[in-house]
Amino acid sequence: MLIKNLQLSIDIDPEKIHQLILESGQITDYGLLNGKFGIAICFFHLSRHLEHNLFLDYANNQLDEIWNSLSDDLSIEFESGLSGIGWGIEYLIQNDFVKGNSNLICNDIDKMVMRICPRRFNDYSLESGLEGILNYICARLAGRNKNVKRNPFLKSFIDDLAYLYKNSKKLKLSEEIIFKLGIINNLVPFYDFKLDLDRFIRVDIDAKSDNIQLEILGIRDGISGLLLRKILQIPRSK
């Protein structure tokens, strides 16, 4: 079926979906924010929202390519590395897009994360620093609360994160980081935590401005993010 013949219930040019399908195969970034994993999440949502298996096939093909291409030298960074991919795995499982035991799937990522010394962080960013790692940890703990009771992280590692929470003012940590540290250390109710995509999507285009050309495909700043913002009805950024 041609994409242009689909009856879309979201206000978006089907040509952008067509562009995403055609060009996503050329991306060499397998990560969450700018790469194939984020695009796979977009395809899963398109499949559910439009009730069409065409997009489910594209999503599964993206995942297969990611699994077959992962290597040990991929970074742990959230933007393009393993912690972002691990977050995406939890997102897909917890939202019933795929089935699986994330404790088994993410075991190696958990071990890589625990090799990090939280007290030595000097990069607090989402993309490559502390905030990204905390996003991954919170996602894993949310998966534990929902599906599996075993805590995947050692107490000594969690204690190091507690140190950051206690010294948050001295370290000048952001409110987002402090919130996630509180979640991890059971100082903030876990029901306040939501495993969602809102914070990751920066593309901010009015629904009536789809004539703007987007050359980027990922969820952070590109077509996938625009589609997800509309499908999930994520409010525009202020």
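Along the sequence shown, the residues carry numbers beginning at 1.
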Stepwise side chain to side chain contact (heavy atoms under 4.5 Å, CB included) test for Ile76 and Ile109: CA-CA 8 Å; Ile76 197 64; Ile109 302 177; 4.1 Å; yes
Just do the side chain to side chain contact (heavy atoms under 4.5 Å, CB included) check on Lys180 and Asn135 with the steps written out, would you? CA-CA 7 Å; Lys180 287 187 168 62; Asn135 270 290; 3.0 Å; yes
Measure from the side-chain N and O atoms of Ser47 to the backbone N and O of His52, and report whether any donor-acceptor pair falls under 3.5 Å. yes
Measure the shortest side-chain to side-chain distance between Ile137 and Asp110 over non-hydrogen atoms and say whether it is less than 4.5 angstrom. no
State, yes or no, whether a side-chain contact exists between Asn34 and Glu79 at a heavy-atom distance under 4.5 Å. yes
Do Leu141 and Phe193 come close enough that some side-chain heavy atom pair is under 4.5 Å? no
State the CG-CG distance between Asn185 and Leu161, to the nearest 0.5 angstrom. 6.5 Å
Check Pro118 against Phe157 and note the closest heavy-atom contact, atom names and distance. CG-CE1, 3.7 Å
Nearest heavy-atom contact between Ile27 and Lys36 is O-CE, 2.8 Å
If the condition is ring-ring contact (aromatic ring centres under 6.0 Å, His included), which residues does Phe44 pass it with, not counting sequence neighbours? Phe97
With the threshold set at 4.0 Å, does a side-chain nitrogen-carboxylate oxygen contact exist between Glu131 and Arg199? yes
Do the side chains of Tyr58 and Asn53 get nearer than 4.5 Å, heavy atoms only? no
Using side-chain heavy atoms (C-beta onward) and a distance below 4.5 Å, is Leu70 in contact with Ile85? yes
Hydrogens and angles aside, do Tyr124 and Ser174 bring a side-chain donor and acceptor to less than 3.5 Å of each other? no
Check whether any side-chain heavy atom of Ile41 sits under 4.5 Å from a side-chain heavy atom of Leu32, and report yes or no. yes
Please walk me through it: do Ile184 and Tyr165 pass side chain to side chain contact (heavy atoms under 4.5 Å, CB included)? CA-CA 10 Å; Ile184 293 166; Tyr165 184 85; over 6 Å; no
Under 3.5 Å donor-acceptor pairs involving side-chain atoms of residues 61-68, not counting sequence neighbours:
| unit_1 | atom_1 | unit_2 | atom_2 | d |
| --- | --- | --- | --- | --- |
| Asn61 | ND2 | Asp57 | O | 3.2 |
| Gln62 | NE2 | Ser24 | OG | 3.0 |
| Asn68 | ND2 | Asp64 | O | 3.0 |

So, the side chain of Arg140 versus the backbone of Pro152: is there a donor-acceptor pair under 3.5 Å, distance only? no
Of all residues at least two apart in sequence or in a different chain, which pass the salt bridge (charged side-chain N to carboxylate O under 4.0 Å, His left out) check with Asp29? none
Listed partners of Lys99 passing salt bridge (charged side-chain N to carboxylate O under 4.0 Å, His left out), at least two apart: none
Do the non-hydrogen side-chain atoms of Ile223 and Ile39 ever get within less than 4.5 Å of each other? no
SB check Glu127 Arg220 (cutoff 4.0 Å): yes
Who pairs with Tyr91 by ring-ring contact (aromatic ring centres under 6.0 Å, His included), at least two apart in sequence or on another chain? His45, Trp87
Is a side-chain N or O of Ser224 found less than 3.5 angstrom from the main chain of Leu217, in a donor-acceptor match? yes
Assess whether side chain to side chain contact (heavy atoms under 4.5 Å, CB included) is satisfied between Leu181 and Leu173, documenting all intermediate values. CA-CA 10 Å; Leu181 287 170; Leu173 301 180; 3.8 Å; yes
Hey, does the side chain of Arg119 reach the backbone of Asp160 with a donor-acceptor pair shorter than 3.5 angstrom? no
For Gly225 and Ile201, which heavy atoms make the closest approach, and how far apart are they? O-CG2, 3.7 Å
Taking the side chain as C-beta and beyond, is there a heavy-atom pair between Phe43 and Leu20 under 4.5 Å? yes
The salt bridge (charged side-chain N to carboxylate O under 4.0 Å, His left out) partners of Glu77 (sequence neighbours excluded) come to none
